[in-house]
Structures are given as C-alpha cells and as structure tokens.
Amino acid sequence: MRRLFACVALLGAWITGCDEPSPASNIPVHVVDPIAANPALGCGPGTLELVVDQGGGMATFVASAAVDASGNFDVPLEIATYTAVTRIQMTMDLQECELVGAVPSFLLSDVPFVRVVMGRELSCQDLDEPQLTTGRTDPALVAFDGNLLIVGGTTRGTSTDRLVPIANPVLTYENAIPPDDRNPFPVLPRPMQATRASRFSVSRVVYATVDYVARFDTNLRSGAGARMLPTHDGSGGESAVVDLGAEGVAIVGGVDGRGDPVREISWIDPLDESIDITELATPRRNPVATTVGGVLVIAGGQAEGEPLFEVARLRSDGVALEGSPTEVREGAVLVAPQRRVGVLLGGLAADGTTVRDDTLVVTGCPDACRVSVGTPWAFPRLRPATAETVGGVWLLGGEAADGTAQATVEIVKRVGDAVSIEELADGLPTARARAGAALFADGIVAIIGGVDDEGEELRSMALCWPRELDPLN
C-alpha cells in the first residue's frame, strides 16, 4: 500500500497527518492522488482549505492550514454529528500545483473511511483502483449521491445481467467496485447490452436496452430489483433516455421489429410510474434529446428530408422546429449547458465517412424555440460520453469516423444565448470510445469502460477535475 497523504479525523477535533494515529472512534479521511499516493509530491509547500458541510448547509466547517514539502499539516476541526448527510471539498494551493477534490453526499455512519481524490485543475487521470472485473463497452453511468451505478453494456460482445455499484466515498480502494461474488444486486430477469439510463428517484434508475425499458430499485432494504415498464412498442436500446428532473424520465423513439423507426414518446411519472404515450412529429431511430428551457428538444434519427429537430412540451406531441434543417446526422451529440441553450455537435456527413464540424444551437425555449448555426467545432468526433455539471457539459473521448477512440476532452459552457467550448490541454490519459460518464461530485466527472484506440475493452475508471469546484449550496 502506498503512503497516504493525510488522514482527517472527522469525529474528534483535529485534522492530522497520517503519521499520527487517530482515535479508534474517528473516521479517517484519506487525501490522495489517483494512485492513492501523496498528491503534494513534487508540488512544494503551500496551503490547503477543507470544507465539511453537514445537512445541506445546516452546519459547515472550514479549516485551513499550511502544508510543508512532505505533505504534513495539523488543523483543529469540530464535526457536529455522524447522522447528517456530509459533503467534503478540498483545495490545495501549493508552490507548483493547484489541486482540487471533493466527495459527494454520504453518511459517516455508512463508511469505514473516506478518500478525497485530488487532481490538477482542468485535468483527467486514470485511477489505479477500482477496476471492473472485465472490460465493458457501451455502459451507462448514473450518479446516486454517494454512489455511481454502472448499467448495462457488453463484455467481449456478451450481454451483462447485473448492475454494478461504485462507492464514491472510498474511491481508489479496490473494493469500491465490489467483486462479482459480493455484488449486492440480484441478477436481472433480462440481459442488457448497449444501454442508456437516467436517475428516476431517490433510489431508482430507468434504463433502455435491447428491446425493452425497465426501472431498477437500488434500495436493498426494500428488496432491490428490476421491473419491466410498459413503454411504447419499439422502445429500448435505440431510444433516447432523458432526465426530466422532478417530472420523471422520457423515452424517445426507437426501432420496431421490422427495423423501422418509431414515432412515440413515453413519459414516465416518478410518483406512480404511470406512463403517458404521445407522438413525435416524425419517426426517429436512435435520436438524441435533452431539455432546453423546460421543453424536450429532439434531434436526429429521422429520414432524409424530414426535420432534424422537433420539440415537445411535457406529455405532449412533438412539433417540428420551424426552420430546422433536414439532413441526416448519425452519431451526433446534443447537450444543453444549464438546460438553457442546446447545441448539436458532430454526426456523419452525407458521404458516411466525414464527421461534420458545424454546430446547431437551439435557443428561445420554451415559448419561441429556434435553431441557428453556431461556431464550428474544433475537434469533431462521434458519440463522446457526456456529463452535466453546474459549470458546463463535459464531452469525453468519442470516436473518429473509422471508429478509432479519441482522447479529446471539452467543456461546453453557456454564454448568454450562445455556447463556448473549452478544450482540456491534455485530454484523457487513455483514449475512450463507447464509455459511460456522469457527474461525480461538485464539478468533478467520472468516466468508465469503453474501448481504447486499439479496440481493447477497458476495465479502468478516470476522473476529470474542473477549474473550480461547484459551490456547495
């Protein structure tokens, strides 16, 4: 085991260096880098600031201290309770490094220790641990406060049959992903392949895969398990899955048994799981969709000559977006920073071999949605993984027209009624296509699985850190 940088005692009154033992009653917080080593090595001395928030702002404790060249520090800090939901943020301003780290919401009583994984601003790093038992392609990754959930995907072309949890508070520990024989979730009644998914409620996720849609309850106390949902015919792995927040989840389009696109939207209510089915303006197979200004915006998957874009108000039929172009764009991505401005990027051109570099921006929703041409995309590619944060939407990896995995990372940000796209200089340390990504904590995003630039399936996970952490409140 590599030497950990620091151990933070969260019940007693002191944050101390690891060389000093903590009382047995304390919960240690390890402050580490992506390989569970000292994040300050090679950075020189400086200062750190640690914020521990309990109960959603009910009690917030801020501590700061000097850090010497060996990473030692000693700071008094009182913690009120073990029973409140706890969040942790840390920044380190060192001579050669600016490092940030955070842990999403968790209960101190649920974990034996906590690890804050620090990284350089606007950088991405692979983690040594945890690792999947086997590589996984086309998974979905869904955030549930103190956990991430890996949903679906394939392994060596074979379907998967269990959801896999990742315990965020103990990231960089090998058992943060439980081995197969310790997976707490049951085997599913039907297999999963390429999957799209969304959080549905406090403990439930909705996922679309193969030729069906289901919801999974992660609550072990109430008996975790899956339930098939009676969504529209043709819904499944070639449908878009859209998180509507408090309004539930929308399942958009798909493909029927004859291989033809379908023209329905299924709206799933989070309270009673009732489903309303409405019609799209045009049938769509494998569309992309998101919400902009509270309106569902849908793009792609249509026949040549049909509108590329349409919009639908909650539980209503789709309407073609006035002025929409009609070209087909296979493999494009649609994102909406802050859910106020939508932007469609990439997609294959009509020749089937060139990735488009133009962008289309949707503004004016909900009352006057319109589409306009945006700034050309500097690094066009197909199907990057996406993760939404307060600061913007991350585009991670993706593939070239020939399917080769890419390492490019960008953040799409809202600028009034337009967007800007910021590139991370070094990108991903390992090129990834067909991976799963999600918000990890406070602007930090996670990506897992996929294939590398040689087509090998990946077992590893990476984190990417923003310039600044999202505010706690």
Side-chain angles (χ1 to χ4, degrees), residues 1-43 46-54 61-79 82 86-94 97 99-120 123 125-131 145-148 166-178 440-442 444 446 460-463 465 469:
M1 175 63 71
R2 301 175 180 88
R3 179 182 179 273
L4 299 177
F5 167 50
C7 291
V8 182
L10 276 190
L11 179 63
W14 295 92
I15 304 175
T16 64
C18 267
D19 294 334
E20 297 183 25
S22 297
S25 61
N26 289 347
I27 294 291
V29 176
H30 305 153
V31 185
V32 300
D33 71 3
I35 61 171
N38 184 340
L41 287 178
C43 291
T47 60
L48 68 83
E49 180 177 277
L50 179 95
V51 180
V52 179
D53 177 80
Q54 294 196 290
F61 306 93
V62 180
S64 60
V67 180
D68 68 23
S70 300
N72 294 318
F73 63 89
D74 187 13
V75 181
L77 180 69
E78 294 187 1
I79 298 300
Y82 262 59
T86 300
R87 296 169 67 187
I88 296 173
Q89 288 188 350
M90 179 174 282
T91 58
M92 301 181 73
D93 184 3
L94 306 178
C97 309
L99 303 175
V100 295
V103 180
S105 302
F106 68 97
L107 288 174
L108 290 169
S109 57
D110 286 348
V111 294
F113 59 87
V114 177
R115 289 185 173 172
V116 184
V117 186
M118 307 295 291
R120 294 174 185 258
S123 74
Q125 289 293 322
D126 288 337
L127 306 183
D128 268 15
E129 298 288 352
Q131 300 264 332
D145 296 326
N147 296 277
L148 292 169
I166 306 174
N168 292 342
V170 295
L171 213 58
T172 73
Y173 179 58
E174 61 181 355
N175 285 344
I177 296 178
F440 174 74
D442 301 336
I444 303 169
S460 61
M461 178 179 184
L463 290 183
W465 292 266
L469 297 173

Undergrad: Could you grab the distance from atom CG of Leu463 to atom OG1 of Thr172, nearest 0.5 Å is fine?
TA: 9.5 Å

Undergrad: Answer yes or no: is there a side-chain heavy-atom contact under 4.5 Å between Trp465 and Met118?
TA: no

Undergrad: Would you call Met90 and Leu50 a side-chain contact if the rule is heavy atoms closer than 4.5 Å?
TA: yes

Undergrad: How would you list, by chain and number, every residue that makes a side-chain hydrogen bond (donor to acceptor under 3.5 Å, both in side chains) with Thr91, sequence neighbours excluded?
TA: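 By the side-chain hydrogen bond (donor to acceptor under 3.5 Å, both in side chains) rule, Thr91 matches no residue at all.
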
Undergrad: Working to the nearest 0.5 angstrom, can you tell me the gap between Ile444 CD1 and Leu171 CG?
TA: 10.0 Å

Undergrad: Identify the two heavy atoms, one from Gly146 and one from Pro169, that lie closest to each other, and give their separation to 0.1 Å.
TA: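 Minimum heavy-atom contact is O-CD, 3.1 Å.
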
Undergrad: Enter the distance from Thr86:OG1 to Leu107:CG here, rounded to the nearest 0.5 Å.
TA: 7.0 Å

Undergrad: Measuring from atom CG of Leu94 to atom CG of Leu41, what distance do you get when rounded to the nearest 0.5 angstrom?
TA: 10.5 Å

Undergrad: Could you check if a side-chain atom of Asn168 sits within less than 4.5 angstrom of a side-chain atom of Phe440, using non-hydrogen atoms only?
TA: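 Heavy-atom side-chain distance check passes, below 4.5 Å.
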
Undergrad: Looking at CD1 of Ile177 and CE of Met461, how far apart are the two atoms once the value is rounded to the nearest 0.5 Å?
TA: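 Going from the CD1 atom of Ile177 to the CE atom of Met461 covers 6.5 Å.
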
Undergrad: Once you measure the plane-to-plane angle for His30 and Phe113, does it fall in the parallel (<30°), tilted (30-60°) or perpendicular (>60°) bin?
TA: parallel

Undergrad: Just jot down the side-chain hydrogen bond (donor to acceptor under 3.5 Å, both in side chains) partners of Asp442, sequence neighbours excluded, or say none.
TA: Arg87, Gln89

Undergrad: Any heavy-atom pair between the side chains of Pro130 and Glu174 that's under 4.5 Å?
TA: no

Undergrad: Between Ala462 and Asp126, which heavy-atom pair has the shortest distance, and what is it?
TA: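 Result for this residue pair: CB-OD1, 3.4 Å.
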
Undergrad: When you measure from the side chain of Asp33 to the backbone N and O of Ala36, does any donor-acceptor pair fall under 3.5 Å?
TA: yes

Undergrad: My understanding is that only one of Val31, Val114, Asp53 makes a side-chain contact (heavy atoms from CB on, under 4.5 Å) with Ile88; could you say which?
TA: Val114

Undergrad: Atom OG of Ser105 and atom CD of Gln54: how far apart are they, to the nearest 0.5 Å?
TA: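 Answer for the OG-CD pair, Ser105 versus Gln54, is 11.5 Å.
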
